[in-house]
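Values below: all heavy atoms of this structure, side chains included; hydrogens, waters and symmetry mates excluded.
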Amino acid sequence: PRLAADTPPMTLGRKTLALFLVLGLAICAGSYLALRIAVLPAFRDFEQQAALEALERVESLLDNQLDALRILNIEYSAWDDTVVYLRGEDPEFEEPNLSPGYWRSIAIDMLIVYGDDGRLVYGWVTEPDDAQPMSLEDELPADFNSQHILARHGSADSSVLGMYRTRSGVMHVASYPILNSNGQGKVHGSLILGQFLNDAVQADIGERATADLAIHVMGSAGLPMHIVAAYRDLPDPEADTTIMVNSEFVHGLKVLRDIHDQPAAMLEVRQPRRISAIGTDTIRATMIFLAAGSFGFLLAALFFTQRLIVAPIGELTQKILKIQRTGELEMEIGATRSDEVGVLAGQFAELTSGLAKAREDLENARDEALSMSKAKSEFLARMSHEIRTPMNGVLGMTELLQSTPLNEKQRRFARTIYSSAESLLHIINDILDISKIEAGKLELDIAPFNLRHMIEECLDLLADSAHRKGLELVGSIPSDTHT
């Protein structure tokens with residue numbers, strides 16, 4: 001087709017270049033997909049695991065803080081002096097031991113003492129941030145009274161630890177029965193200590209946990225939408241922990257429950273997505289190095305392929321085409337290599353050598369045949385000349401014989417001798433014509449002849465032999481034949 005004729009041929013070099021380009025692109029694409037599918041998710045999983053671990057560290061520090069509050073409460077609730085104070089026997093106990101001055105210095109924001117009769121003996125609460133006094137009635141929920149689980153303990157081993165929500169926020173609370181120093185005997189009342197989880201406390205915990213944290217009070221105004229969505233979309237109602245991921249941060253979220261086992265706040269640990277960024281940068285750097293390495297490798301492979309395979313095959317092809325154009329078989333092929341290309345060149349060299357030898361043998365045979373043909377032609381020419389001389393003598397003597405007195409039979413014999421000699425002379429001339437044919441020098445001569453006379457002469461030459469064998473030769477020529 002014309003289209004195929006107009007299309008440039010796809011040479012072996014171009015095919016090799018295209019193959020290596022496709023191979024390089026396939027390697028880069030496969031490596032990128034492998035890194036994206038296998039490596040980057042590992043970075044993301046590690047990032048989420050790091051967020052969960054940070055969340056666990058913060059929870060552990062919160063538990064430690066609550067445990068410190070418990071120990072501090074036990075120091076004062078299981079103390080004979082506190083029992084004596086509740087009996088009204090030591091009015092000076094209150095100022096040095098229960099007043100806000102000392103407790104605020106150790107970050108305690110609330111202290112309440114109840115008697116065993118449900119009477120509020122002593123109590124105070126301060127603002128979470130500036131430590132200003134607040135009214136207990138205004139700060140504590142409406143359901144807080146002498147029958148509250150924090151205010152009343154039925155036995156010596158009773159206690160309440162956990163989170164408690166007030167109007168100003170959430171706090172850790174520890175409530176223990178007031179007992180003697182042995183921690184036994186009658187319950188004389190209840191001691192409640194509280195510590196707000198304010199910004200300062202959160203910052204301190206975040207610094208020790210090396211985490212950026214925030215505690216969001218459930219139901220408060222201005223609650224971030226992602227906190228609301230996270231709480232609403234918890235995968236398991238029984239699970240209080242979840243992970244949220246956006247373009248900038250990984251959020252570890254934990255529902256904090258109060259002393260009534262109700263959601264009181266949401267603990268949030270934010271971590272910038274540095275690990276994913278490191279993973280992305282690692283993949284990018286890996287792909288750059290891989291692309292550069294692959295490019296260098298492919299260039300080297302292409303160079304050596306061109307040099308070791310394509311170029312020798314192209315050179316061999318050019319030599320074959322030159323042989324086809326010129327017919328010259330004597331040329332250097334270059335079959336010095338030991339690989340497949342060298343074997344191919346060697347076999348082709350052997351083939352051209354065999355063809356050259358065969359052509360030489362044919363040329364020698366042709367020359368020998370020409371020489372033999374020339375010798376034969378010279379021999380025939382010489383012999384024809386040698387035979388022609390005596391034959392002319394026979395013809396001359398036969399003519400002389402015919403001029404003498406002869407009877408009819410003798411004259412017929414003389415005519416036969418003359419005709420035979422003349423035929424023999426014609427045969428000798430034909431032999432010379434054969435020599436001319438072989439020499440390419442034959443010249444055709446168009447001359448009239450008598451067909452009837454030629455046939456009768458042929459019959460006369462063969463008549464005696466036919467008569468001796470009992471045969472009769474008859475020449476029949478139609479009358480309308482042009483002779």
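- Applying the salt bridge (Lys or Arg N to Asp or Glu O under 4.0 Å) criterion to Asp233, with sequence neighbours excluded, gives no partner residue.
- Within the 4.5 Å cutoff, the side chain of Tyr85 has no heavy atoms near those of the Asp80 side chain.
- Going from atom CG of Asp281 over to atom OG of Ser276 covers 10.5 Å, rounded to the nearest 0.5 Å.
- For CD of Glu89, the number of neighbouring non-hydrogen atoms (other residues, nucleotides, ligands) closer than 6.0 Å is greater than 12.
- Contact of the Phe144 side chain with the Ile112 side chain is registered, since non-hydrogen atoms from C-beta on lie closer than 4.5 Å.
- Of the possible donor and acceptor atoms, none in the side chain of Ser220 sits under 3.5 Å from a partner among the backbone N and O of Leu223.
- A donor-acceptor contact under 3.5 angstrom links the side chains of Glu268 and His251, judged on distance only.
- At a threshold of 4.5 Å between non-hydrogen side-chain atoms, the residues Trp124 and Pro133 do not count as touching.
- What you find for Leu136 and Gly123 is that their closest heavy atoms are CD1-C, 3.7 Å.
- Between His216 and His226, the ring planes lie perpendicular to each other; the angle is over 60°, past the 30° to 60° tilted range.
- Using modelled atom types, one side-chain atom of Ser294 and one backbone atom of Leu290 make a donor-acceptor pair closer than 3.5 Å.
- Other residues, nucleotides and ligands contribute more than 12 heavy atoms inside 6.0 Å of the CD atom of Glu363.
- For the pair Thr282 and Phe43, the tightest heavy-atom approach, listed with the atom from each and the gap, is OG1-CZ, 4.5 Å.
- Residues Met134 and Thr126 form no side-chain contact, since every pair of their non-hydrogen atoms from C-beta on lies 4.5 Å or further apart.
- Taken to the nearest 0.5 Å, the CD atom of Glu94 stands 12.0 Å off from the OG1 atom of Thr82.
- The line from CE of Met171 to CZ of Arg165 is 13.0 Å long, rounded to the nearest 0.5 Å.
- Two residues are said to be in side-chain contact when any heavy atoms from C-beta on lie closer than 4.5 Å; Val84 and Phe93 fail this criterion.
- Among Val58, Asn198, Val170, the one residue that satisfies the side-chain contact (heavy atoms from CB on, under 4.5 Å) test with Ile215 is Val170.
- Listed by first then second residue, pairs satisfying ring pair (Phe, Tyr, Trp, His ring centres under 6.0 Å) with a partner in residues 253-285 read His148-His260, not counting sequence neighbours.
- Between Arg273 and Glu248 there is no salt bridge, since none of the side-chain N atoms of the basic residue sits less than 4.0 Å from a carboxylate O of the acidic one.
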Verdict with supporting geometry, Met218 and Met266, side-chain contact (heavy atoms from CB on, under 4.5 Å) | CA-CA 7 Å; Met218 301 296 291; Met266 179 75 80; 4.0 Å; yes
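- With values rounded to the nearest 0.5 angstrom, Ile178 atom CD1 is found 7.0 Å from Ser77 atom OG.
- Heavy-atom minimum distance, Leu179 versus Gly183: CD1-O, 3.4 Å.
- Nearest heavy atoms, Gly185 versus Ala156: O-CB, 4.3 Å.
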What do the steps show when you test Glu127 against Ser168 for side-chain hydrogen bond (donor to acceptor under 3.5 Å, both in side chains), and what is the final call?
-> CA-CA 8 Å; Glu127 290 184 357; Ser168 297; over 6 Å; no
Evaluate side-chain contact (heavy atoms from CB on, under 4.5 Å) for Thr286 paired with Tyr32, printing each intermediate quantity in order.
-> CA-CA 9 Å; Thr286 302; Tyr32 178 74; over 6 Å; no
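- In this structure, Ser31 contributes its side chain and Ile27 its backbone to a donor-acceptor pair below 3.5 Å.
- Looking only at side-chain heavy atoms (C-beta outward), Leu161 and Ile259 stay at 4.5 Å or farther from each other.
- Using modelled atom types, no side-chain atom of Ser158 and backbone atom of Ser155 make a donor-acceptor pair closer than 3.5 Å.
- To the nearest 0.5 Å, the span separating CD1 on Ile243 from CD on Gln271 amounts to 8.5 Å.
- Of all non-hydrogen atoms in Glu47 and Pro272, the two that sit nearest each other are OE2-O, 4.2 Å.
- For the pair Arg270 and Asp212, the salt-bridge criterion is met [side-chain N within less than 4.0 Å of a carboxylate O].
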What do the steps show when you test Gln65 against Leu197 for side-chain contact (heavy atoms from CB on, under 4.5 Å), and what is the final call?
-> CA-CA 10 Å; Gln65 187 181 34; Leu197 300 177; 3.6 Å; yes
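- Under the 4.5 Å side-chain criterion, counting only non-hydrogen atoms from C-beta, Leu253 is not in contact with Leu267.
- Under the 4.0 Å criterion applied to side-chain N and carboxylate O atoms, Asp116 and Arg152 are not assigned as salt-bridge partners.
- Annotation for Arg274: atom CZ does not count as buried by contact number, only 12 or fewer foreign heavy atoms lying within 6.0 Å.
- With hydrogens and angles disregarded, a donor-acceptor distance shorter than 3.5 Å links the side chain of Asp109 to the backbone of Phe196.
- Atom CZ of residue Arg284 and atom OG1 of residue Thr280 lie 6.5 Å apart, to the nearest 0.5 angstrom.
- Scanning for salt bridge (Lys or Arg N to Asp or Glu O under 4.0 Å) contacts around Asp117 gives Arg119, with sequence neighbours left out.
- Here Arg167 does not pair with Asp138 in a salt bridge; the nearest charged N to carboxylate O distance is not below 4.0 Å.
- More than 12 heavy atoms of other shown residues, nucleotides or ligands fall within 6.0 angstrom of atom OH in Tyr122.
- The shortest side-chain heavy-atom distance between Asp81 and Asn97 does not fall under the 4.5 Å cut-off.
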Run the side-chain contact (heavy atoms from CB on, under 4.5 Å) check on Leu191 and Leu111 step by step: do they pass?
-> CA-CA 7 Å; Leu191 175 61; Leu111 184 148; 4.2 Å; yes
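- Residues Ser175 and His153 have side chains that bring a donor and an acceptor to within less than 3.5 angstrom of each other.
- In this structure, the side chain of Ser105 engages the main chain of Tyr102 through a donor-acceptor pair within 3.5 Å.
- Residues Asn180 and His188 have side chains that never bring a donor and an acceptor to within less than 3.5 angstrom of each other.
- Shortest non-hydrogen contact noted between Pro263 and Val255 is CB-CG1, 3.9 Å.
- Side chain of Asn364 to main chain of Glu360: a donor-acceptor pair is present (N/O by atom type, distance under 3.5 Å, no hydrogens or angles).
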